Each structure stands twice: as structure tokens, then as C-alpha cells.
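Positions are given from 1, in the same order as the sequence printed here. Everything numeric in this text was worked out from a predicted model, so none of it was measured. Just so you know, these numbers use all the heavy atoms, side chains as well, and skip hydrogens, waters and symmetry mates.
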Amino acid sequence: SPGWHGDPQDIQEARKDFTSISFPALGTGEWQTPAMLDALVEVVAKKSVNTLRLVRIVIFQTAMLTDFYNSMLKKENTDVQEEEDTDAQEAVTDLQDEAIFTRSKGNKPQKPERFVFMDKEVDPACFHICGDSQAKVDEAKQWVKDLILKEQDSSIITDDDIINLTTSDRQHISNMINTIGVRVEQESSQDKLTMEGITKDVLKVTNEIQKMLQRIRSEEELSRSAELASTVVEWQYQQQGGQYQSFDLIHNFHLEQANETKKQHVEVTIQGRMYKVTLPNGPATDNHGNSLDIRHIDKEAHDSLPQYWDTMTDNSLCQSFPIQPGTSEHDEVLGLFQATCQNTVLKIERIQNPSLWRNLQIKKQEMDSKNCHQNNEKLFHGTCPHTRSMIIMASLFAAAAYGNGTYFAVEASYSADDTSSVPDSQGQKYLCHVLTGDFTKGQRDMIAPPAKSKLTTKLYDSVTDDPTAPSMFIVFNDIQAYAAYLITFI
């Protein structure tokens with residue numbers, strides 16, 4: 001049939017062979033809900049042999065949930081007159097405790113399912129006591145009872161993490177019940193377990209459950225720590241020819257822990273293969289000698305913008321702000337420009353592009369870690385009217401004398417000269433933050449820095465016209481430079 005309409009015979013047939021059964025409540029209405037519960041209670045409360053332990057009524061219509069629940073409450077509060085009705089009442093109460101309502105989004109969250117550990121059925125031990133008198137028999141009987149009670153014990157564990165025991169944990173507890181003979185029951189409050197049995201067995205089961213709960217707490221703590229670590233630091237690996245990929249949260253946390261405690265090596269699993277990471281800068285090497293590049297990104301450093309920046313308008317990707325003469329910021333930029341260039345400065349503007357700034361910080365940390373020294377040169381870059389807006393919003397522009405890269409002058413006088421950019425009635429040059437890193441002499445038509453030696457694939461970070469006394473630097477990666485100030489002069 002399309003649904004269950006409250007026929008006790010359906011459950012009566014199931015109780016003969018099954019321990020659980022589910023009925024879909026399809027096609028039922030509000031008037032049929034009490035009949036469904038009546039049929040369920042009638043069968044469950046019977047005293048005959050009953051293997052059925054769990055009956056589920058699956059409700060598909062959201063509107064029926066309230067009617068069904070209210071009917072259960074009414075059934076629970078019904079006045080009980082006879083012993084048979086008491087059994088039925090307990091059956092309804094148990095059913096209510098076991099009920100799980102699955103609601104759609106926007107309704108109340110699901111109630112965690114309560115699990116019950118069944119007692120192992122054991123044959124009773126019978127004592128036949130014979131004696132000279134009834135008093136002697138009673139004395140022996142009491143002695144046996146006292147001996148049994150002396151060996152019996154109970155233990156209660158109250159812990160919020162009990163509801164987080166996994167299916168495997170519950171199965172392990174059930175196995176202990178069957179092999180050891182201890183009774184374990186979960187209270188309806190969800191956070192309490194009661195163990196009863198022989199003292200040594202209760203102690204054993206209690207210790208095992210405590211270990212499970214300790215493991216759950218440790219896993220939760222690790223998860224919280226990993227989540228927190230991921231907000232401030234990110235470890236990444238790069239396969240040859242590919243892009244950098246982030247480690248999962250747990251590996252990210254273990255790598256950061258190892259790095260903070262100054263460990264030289266730590267083992268990680270990448271795509272199912274074990275690698276040994278050399279800290280802090282890599283590489284990661286497997287048993288076959290294959291290696292991956294490793295890098296460490298400090299998110300707090302990257303996410304923090306300069307404190308002296310002005311507040312930008314909402315949804316603005318980039319803005320320029322005039323720097324007031326007489327401020328320390330204006331004086332610093334003006335001093336760098338006038339050290340080699342005597343042109344009259346009309347104005348200085350600060351360029352604020354958060355995205356490009358963060359990219360520069362990521363690259364800076366990577367290079368500082370790789371080269372074991374810091375660098376952040378302030379160099380000049382010439383511009384002309386038709387390239388200004390593009391430089392502010394995106395990247396700087398290239399030349400070719402010492403390689404096909406972007407050129408920066410050490411002295412303002414070089415970039416201010418008309419030969420380095422198209423002449424204009426008003427000159428405009430950029431003061432840039434440039435990550436020069438490790439550098440060597442460049443050559444015409446270079447499209448990337450050369451390798452540091454024939455024995456390595458590691459490259460220089462930039463090139464120059466003269467490594468001993470540079471007058472210019474050339475970089476081949478846009479994120480190695482950030483146009484920080486636009487200087488307008490005549």
C-alpha cells in the first residue's frame with residue numbers, strides 16, 4: 001500500500017522475525033495519527049515473545065510533524081488504570097525518546113539520536129542450599145547475597161561528548177557488553193552513561209569509554225587549533241611546473257607547530273605519498289628522491305595594510321591620496337627624489353591598491369625566507385601620460401636593454417630623464433617598492449633571471465646593469481614591485 005494506516009497486524013507480523021521496522025506515513029492525515037500510535041502501542045506493550053526493538057514512522061509531510069508530536073504527548077499523559085496500560089504508556093514514552101524528526105531548513109535543528117546498549121542475555125546461576133535448620137540456610141543465603149553485592153559495582157560517566165561517540169565507538173561498547181557482561185545504559189539526558197556489573201569489569205569498561213571521550217576531546221581540540229592556525233598562516237607545496245597548493249588544515253597545523261619548535265624535519269602526506277619536509281624552507285622529499293617546493297605564508301602580515309593609509313571608499317580597488325607638504329611621509333619621499341634630481345616637485349600622491357600590496361607582501365615573505373635576508377628597495381620608475389592609469393591599476397612596464405623585464409632606477413635623475421619615458425609638460429615618476437632579492441648581471445633578450453649555478457634550478461630574483469654598483473634593477477615578475485607614490489614635477 002502507499003502508506004501505513006494504523007493496522008496492528010503490520011507490526012504483529014514484523015515482530016516475529018525483525019528487531020526493527022520502518023513504516024512510511026504516506027497518504028495519512030491528521031485524523032489517522034492517533035490510530036497509528038494506538039496500533040503501535042498495542043503491539044509493543046504485549047507480554048509475548050517480542051524480538052522487535054525499534055519501530056520508525058517516516059513522515060514526509062512537514063505539516064504532519066506537529067500533529068504527530070502532539071499525539072505522542074497526549075498518549076503519554078493518558079491516565080493509566082491497569083498494569084497492561086502501564087506497559088503501553090512506557091512504550092509511548094520510549095517511542096517519544098527515540099523519535100527523530102528531520103525538518104527542512106529554517107525549522108528547529110535535529111535532535112541527536114539516543115542509542116541504547118542491550119544487555120547480554122545470560123542464564124541465571126542457581127544455588128541449592130541445604131542445612132541443619134532454616135536459620136542456617138538463611139545465614140548461608142545471606143552470605144551468598146553479600147558476597148555477590150560485594151563484587152558488584154556501578155559507575156556513572158557524565159560528559160557532553162557522549163553524544164559524539166562514533167558508530168565504531170558504540171560498536172566497541174556493545175562488544176564489551178557481550179564479552180564482559182557489563183550493563184551500559186545511556187540516560188535520556190544524552191550526556192550520561194551508567195555501567196553496572198562486577199567491579200573489575202565495570203572499571204575496565206569505564207576506562208575504555210573514558211579513552212574514547214578523551215580521543216574525541218583531543219580531536220576537537222586539534223580541529224579548533226588547526227582552524228585557528230589556518231587564519232594566521234598557510235603552508236603550501238608546489239609540484240614541478242604546477243601552481244602552489246595549500247596543505248589541509250591538520251597538516252598545515254603540524255607544519256607550523258614543527259616550525260615554531262625549531263624542528264628540522266617533519267613528515268607529511270601529500271596525495272597519498274609520504275614526504276619528509278625540511279624546515280623552514282623545504283624542500284619536501286619522498287623515498288624515491290622526488291622533491292616539492294615548500295613555502296610558508298604569514299596571513300597576518302599579508303592582510304594588514306599600512307597604518308598610514310587613508311580610508312578608501314567602499315568597493316574601491318585603487319585610490320590615490322595627496323600627501324600634505326611638511327609631513328614626515330612627504331619629506332621622506334621628497335628627500336629621496338631630490339637627492340639626485342633638482343626638479344621642482346608640484347605634488348606627491350600615495351597610491352593605495354590593497355590587492356597589489358598584499359601580493360607584494362606574499363612575495364616578499366617568500367623571498368626573505370628563501371634567501372635568508374630581507375629586501376625592499378625603494379626605486380624609481382618613469383612613466384608617461386598614456387601609461388599612468390594602467391600602472392596604478394595593474395603592472396609596471398618593461399624595456400629590453402638588460403632583459404625583457406620592468407626597469408627601475410636607483411636614482412631619480414635617471415628615470416626623470418626624457419630618454420627613459422616620453423617627454424611631458426609635467427614630469428611624473430613613481431617611487432616603487434621593489435623586491436630585488438638575489439641579483440646578477442642581465443643580458444639583452446632575457447625573459448627570466450638566470451639560474452644561480454649549473455648545478456641548481458634555483459633562479460636569481462632580478463638582474464642589474466652592474467652587480468657591484470647597480471644603477472638599475474630589472475624584475476620579470478609584476479608582483480615583485482608596487483608603485484607606492486606618484487611624484488609630479490617640472
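Checking side-chain atoms of Asp286 against main-chain N and O of His288 turns up a donor-acceptor pair under 3.5 Å. Of the possible donor and acceptor atoms, none in the side chain of Gln352 sits under 3.5 Å from a partner among the backbone N and O of Phe321. With hydrogens and angles ignored, the 3.5 Å screen pairs a side-chain donor or acceptor of Thr340 with a backbone N or O of Ala412. Between the side chain of Gln342 and the backbone N or O of Gln338 there is at least one donor-acceptor pair closer than 3.5 Å. Remark: side-chain polar atoms of Ser291 are not paired, donor with acceptor, to backbone N or O of Ala284 under 3.5 angstrom. Between the side chain of Tyr482 and the main chain of Asn353, a donor-acceptor pair closer than 3.5 Å is present. Under a 3.5 Å cut-off, the side chain of Glu234 and the backbone N or O of Ser246 do not form any donor-acceptor pair. Looking at Ser462, its side chain never comes within 3.5 Å of a backbone N or O of Val475 through a donor-acceptor pair.
The side chain to side chain donor-acceptor pair (under 3.5 Å) test with Arg295 is passed by exactly one of Gln365, Gln238, Gln236: Gln236. In summary, of the residues considered (Tyr460, Phe476, Phe408, Phe473), a ring-ring contact (aromatic ring centres under 6.0 Å, His included) with Phe439 occurs for Phe473 alone. Among Lys370, Lys363, Lys452, the single residue meeting the side chain to side chain donor-acceptor pair (under 3.5 Å) criterion with Asp461 is Lys370. The side chain to side chain contact (heavy atoms under 4.5 Å, CB included) test with Val266 singles out one residue from Thr261, Val277, Asn259, and that residue is Val277.
The two residues Ile250 and Ala226 make their nearest non-hydrogen contact at CD1-CB, 3.9 Å. Scanning both residues, Asn343 and Phe337, for their nearest heavy atoms gives O-CE2, 4.0 Å. Taking each heavy atom of Val202 and Glu196 in turn, the nearest pair found is CG2-C, 3.6 Å. Shown here for Ser320 and Ile351, the closest heavy-atom pair between the two residues is CB-CD1, 3.8 Å. Among all heavy-atom pairs drawn from Thr440 and Pro467, the shortest one is C-CG, 4.0 Å. Nearest heavy-atom pair across Val463 and Met446 is CG1-SD, 4.1 Å.
Between atom CD1 of residue Ile157 and atom CE of residue Met212 there is a gap of 9.5 Å, rounded to the nearest 0.5 Å. Note that CG of Leu360 is 11.5 Å distant from OG of Ser355, once rounded to the nearest 0.5 Å. To the nearest 0.5 Å, the span separating CZ on Arg170 from CD1 on Ile173 amounts to 8.5 Å. How far CG of Leu435 is from SG of Cys432: 11.5 Å, rounded to the nearest 0.5 Å. Here CD1 of Ile323 is found 11.0 Å from CD1 of Ile487. Values are rounded to the nearest 0.5 Å. Remark: Glu256 CD to Asn252 CG distance equals 7.5 Å, nearest 0.5 Å.
The list of ring pair (Phe, Tyr, Trp, His ring centres under 6.0 Å) pairs with a residue in residues 214-268, not counting sequence neighbours, reads Trp235-His296, Tyr237-Phe247.
Taking a 6.0 Å sphere around CG of Asn287, one finds it holds 12 or fewer heavy atoms contributed by other residues, nucleotides or ligands. Within 6.0 Å of atom NZ in Lys378, 12 or fewer heavy atoms from other residues, nucleotides or ligands are found, so the atom counts as exposed in its surroundings.
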Do Thr166 and Arg215 pass the side-chain contact (heavy atoms from CB on, under 4.5 Å) test, and can you show the C-alpha distance, the side-chain angles, and the key distance before you say yes or no? CA-CA 11 Å; Thr166 65; Arg215 189 205 71 241; 4.0 Å; yes

For Arg217 and Glu221, run salt bridge (Lys or Arg N to Asp or Glu O under 4.0 Å): C-alpha distance rounded to whole Å, both residues' side-chain angles, the deciding distance at 0.1 Å, then the answer. CA-CA 6 Å; Arg217 283 191 288 270; Glu221 179 63 30; over 6 Å; no

What do the steps show when you test Gln480 against Met367 for side-chain contact (heavy atoms from CB on, under 4.5 Å), and what is the final call? CA-CA 10 Å; Gln480 283 182 236; Met367 290 173 58; 4.2 Å; yes

Carefully, step by step, assess Met176 and Val184 under the rule side-chain contact (heavy atoms from CB on, under 4.5 Å). CA-CA 10 Å; Met176 287 192 293; Val184 180; over 6 Å; no

Show, in sequence, the C-alpha distance, side-chain angles and deciding distance for Thr194 and Arg183, and conclude whether the side-chain contact (heavy atoms from CB on, under 4.5 Å) test is met. CA-CA 8 Å; Thr194 301; Arg183 173 185 172 85; over 6 Å; no

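For the residue pair Gln428 and Thr488, a side-chain donor N or O sits within less than 3.5 Å of a side-chain acceptor on the partner. No side-chain donor-acceptor contact under 3.5 Å links Ser328 and Asp331.
Under the 4.0 Å criterion applied to side-chain N and carboxylate O atoms, Glu208 and Lys204 are not assigned as salt-bridge partners.
Side-chain contact between Asp169 and Ile209 is absent, with no heavy atoms from C-beta onward closer than 4.5 Å. Counting heavy atoms from C-beta outward, Val410 and Leu379 have side chains that approach closer than 4.5 Å. Side chains of Glu332 and Glu329 form no contact here, defined as non-hydrogen atoms less than 4.5 Å apart. Asp465 has its side chain within reach of Pro470: a pair of non-hydrogen atoms, C-beta onward, lies under 4.5 Å apart. Side chains of Ile294 and Leu255 form no contact here, defined as non-hydrogen atoms less than 4.5 Å apart. Counting only heavy atoms from C-beta outward, the side chains of Ile270 and Gln245 never approach each other to under 4.5 Å. Proximity of Phe380 to Leu431: side-chain heavy atoms (C-beta onward) are separated by under 4.5 Å at one or more points. Residues Met312 and Leu305 are not in side-chain contact: their nearest non-hydrogen atoms beyond the backbone lie 4.5 Å or more apart.
With sequence neighbours excluded, no residue forms a salt bridge (charged side-chain N to carboxylate O under 4.0 Å, His left out) with Asp248. Listed by chain and number, the residues in a salt bridge (charged side-chain N to carboxylate O under 4.0 Å, His left out) with Glu220 amount to none (sequence neighbours excluded).
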